[in-house]
Every structure is written in C-alpha cells, then in structure tokens.
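Read the structure below first, then the notes.
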Amino acid sequence: MEEKGAEKGVAAMAACYQGFDPAAYLQYNYTPPRADFERKDSIVPWKLACLHRAFTEGDVSGELLVDIGSGPTLYQVLSGCEVFNKVLLTDFLEVNRQELRGWLQDEGGCSLDWTPYLQHVCKLEGRRPSAWTEKAAKLRQVIMDIVPIDVHCPQPLALDILPSAGADCLVSCFCLESVSPDLAAFIRALGHIGRLLRPGGHLLLIGALGESYYFGGPGVKIPVVPLNEAQVCASLKESGYTLIRLEVYTLPQDMRVGVDDVSGVFL
C-alpha cells in the first residue's frame, strides 16, 4: 500500500509539470534582482561563486560530469566544463531539453541570454570578461548529450548512457526537492542518483531551504518539499553520502519576488 501511495505522489508531481514554461521560469529566477551581477548579495552570483570554488579548490575532477535535472539552465556547468572533458545534461521534461538544445546548436531562439553568466564566471576564473566566447565554445565542445532522466526510478538514466564505472561527479540544482512529493521521496531520489556515481565520486547539491512552492509558469504552482539544514544533512547521510562542506545563503527581502516562498539556499 505504501508503495502504491508513493507512486501516486510521484505521478501527481509529474502532472504538476505539464504546464511548465521554461521562458517564464528563466524570467522569474535568472534576471535581476536574483541575477544582478553588480550585487554581492544577489542569489545567482552567490551560486556561481560556490560552484567556482567547489570545482577549483577541492579534488573534484575527472572525465565525466553529469548534471541531474538541468531544467532550462546552464549556469551550473559553467565552471565544471573547465575541469571535466565530458558533460552530460539531463532533464525529465522535453521542453527543457529543447531549450538547452537551442543554446547548444547556437541558432538563436534561446529564452535567456547566457552571456552575462559566461562573463561573470570568466571573471571568477581570473580571465577577461571578453573570454566568454571561448568559454561558450568550450562548453559546447564538452557537452556530449542532453538526455531524459527520472530521479524516481532506481535506474534514473537509460542503461547505455554512462560508462559502467559511473560518473566522476554529479551536480544537481533545485531538482530533487522540487520533483518529490515528500521528504521520503526526496531521500529515495538522492539514493537513486547516487547509483550513477563512481565510488569516491562527488555530488554538488544546490537546493532550496524553507520552500513549499514555486511558479513554473503563469498560474503553474508547483509544490516543493520544504527542507531545513538538519534535514538536508540527515538525508545525505541516510543515502550513503559523506558531507564535506555545507554553505548556506539567506535571501534578502527584495529577492523574495513572489514567484516562490524560498527563504534560503544550500550547497
């Protein structure tokens, strides 16, 4: 009975995403004030700085980086593409995979101009902002594919996608808590994606704190598992991960723009 209930919850979450609008989502979350590169306390620069440090200061390296639940965004692999030879983007929704393919094929028609993001990460790396064209070319070169994923399946990716040893690193941003009907499903999903990782590989997990919903488009209200720091740490431990570092960001009042009720972000 419990299993049936869990399946129903997951199916209900999938139904919530049928109206997801990549262009609206990007507008809500990846333009100012949330993506104001002049402000140190803006959420997007904070995430980019965290990812830059994670990919450059530790021993996070290898051949293959897999982004779990990319959504319609690219910011999460802008630092990683300098460290890994291959990057795999994944998402449950075809509309998001289509948005990413639009950028990858470089034929225009993207819902967001990623140039300021590329320039900002170049600055973090100590390069001229004008080097963004080289970074864009590098990212297009290392992205090996954009494929479907279902984190609620014990085998989230098609069998022949990854090498048998698994990925060297996973990055996942705002995915698991926003596609899970409850905390138990979130923890199960953490375990499922862990099977994609080689022993000793790294997971870079960014997610929302205190969020119960967000808008995935006009009138498309999607429920989220509200997490606190203690639950994040306990969930990682329960799923077999070792927590190396935890960073937390608290949203300033003017970043609370009415498209969600998030109070903070964890890495």
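Along the sequence shown, the residues carry numbers beginning at 1. Reckoned from all heavy atoms, side chains included, excluding hydrogens, waters and symmetry mates.
Under the 3.5 Å distance criterion, with hydrogens and angles disregarded, no donor-acceptor pair is assigned to the side chains of His192 and Asp150. Between the side chains of Asp91 and Ser70, not a single donor N or O lies within less than 3.5 Å of an accepting N or O. Remark: the Glu177 side chain and the Ser180 side chain contain no N/O donor-acceptor pair separated by less than 3.5 Å.
In this structure, Leu243 and Tyr241 have side chains that are not in contact, with every pair of non-hydrogen atoms separated by 4.5 Å or more. A heavy-atom distance below 4.5 Å is found between the side chains of Met144 and Leu64. Using a 4.5 Å heavy-atom threshold, the side chains of Leu89 and Leu74 count as touching. Side-chain contact between Leu139 and Lys135 is absent, with no heavy atoms from C-beta onward closer than 4.5 Å. By the 4.5 Å heavy-atom criterion applied to side chains, Lys86 and Leu65 are not counted as neighbours. In this structure, Cys173 and Thr73 have side chains that are not in contact, with every pair of non-hydrogen atoms separated by 4.5 Å or more.
Checked for salt-bridge contact, Lys47 and Glu247 miss the test: no charged N lies under 4.0 Å from a carboxylate O. Contact check on Glu63 versus Arg198 returns no salt bridge, with no Lys/Arg side-chain nitrogen under 4.0 Å from an Asp/Glu carboxylate oxygen. Asp260 has a carboxylate O that lies under 4.0 Å from a charged side-chain N of Arg34, or vice versa, which qualifies the two as a salt bridge.
Side-chain atoms of Ser263 come within 3.5 Å of backbone N or O of Leu209 as a donor-acceptor pair. Not a single donor-acceptor pair under 3.5 Å links the side chain of His202 to the backbone N or O of Cys169. Within the 3.5 Å criterion, the main-chain N or O of Ile222 finds no donor-acceptor partner in the side chain of Tyr17. Ser235 places no side-chain N or O within 3.5 Å of a backbone atom of Ile187 that could act as its donor or acceptor partner. Between the side chain of Arg97 and the backbone N or O of Phe92 there is at least one donor-acceptor pair closer than 3.5 Å. Remark: the backbone N or O of Ser61 is not paired with any side-chain donor or acceptor of Asp168 at under 3.5 angstrom.
Residues meeting the side-chain contact (heavy atoms from CB on, under 4.5 Å) test with Ser42, sequence neighbours left out: Asp36, Arg39, Pro45, Met255. Take Cys110 and apply the side-chain contact (heavy atoms from CB on, under 4.5 Å) test, not counting sequence neighbours, and it matches Glu99, Trp103.
Between atom CD1 of residue Ile206 and atom CG of residue Leu176 there is a gap of 12.5 Å, rounded to the nearest 0.5 Å. Rounded to the nearest 0.5 Å, atoms OH (Tyr249) and CG (Leu267) are 14.0 Å apart.
By the criterion of side-chain heavy atoms lying less than 4.5 angstrom apart, applied directly or through intervening Ile, Leu, Val, Met, Phe, Trp or Tyr residues, Leu157 is not grouped with Val10; the two fall into different hydrophobic clusters.
For an aromatic pair to be called close, the ring centres must be under 6.0 Å apart, and Tyr75 with Tyr30 satisfies this.
Evaluation of the salt bridge (Lys or Arg N to Asp or Glu O under 4.0 Å) test over residues 13-25, restricted to residues two or more places apart or in two chains, returns none.
Ring geometry for Phe37 against Tyr117 counts as perpendicular: the plane angle is over 60°, on a 0 to 90° scale with 30° as the lower cut. Taking the six-membered ring where tryptophan is involved, the planes of Phe84 and Phe55 are perpendicular, since the angle between them exceeds 60° and thus also 30°.
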Between Glu94 and Arg101, does the salt bridge (charged side-chain N to carboxylate O under 4.0 Å, His left out) criterion hold? Intermediate values first, please. CA-CA 10 Å; Glu94 171 58 22; Arg101 280 195 288 267; 2.4 Å; yes
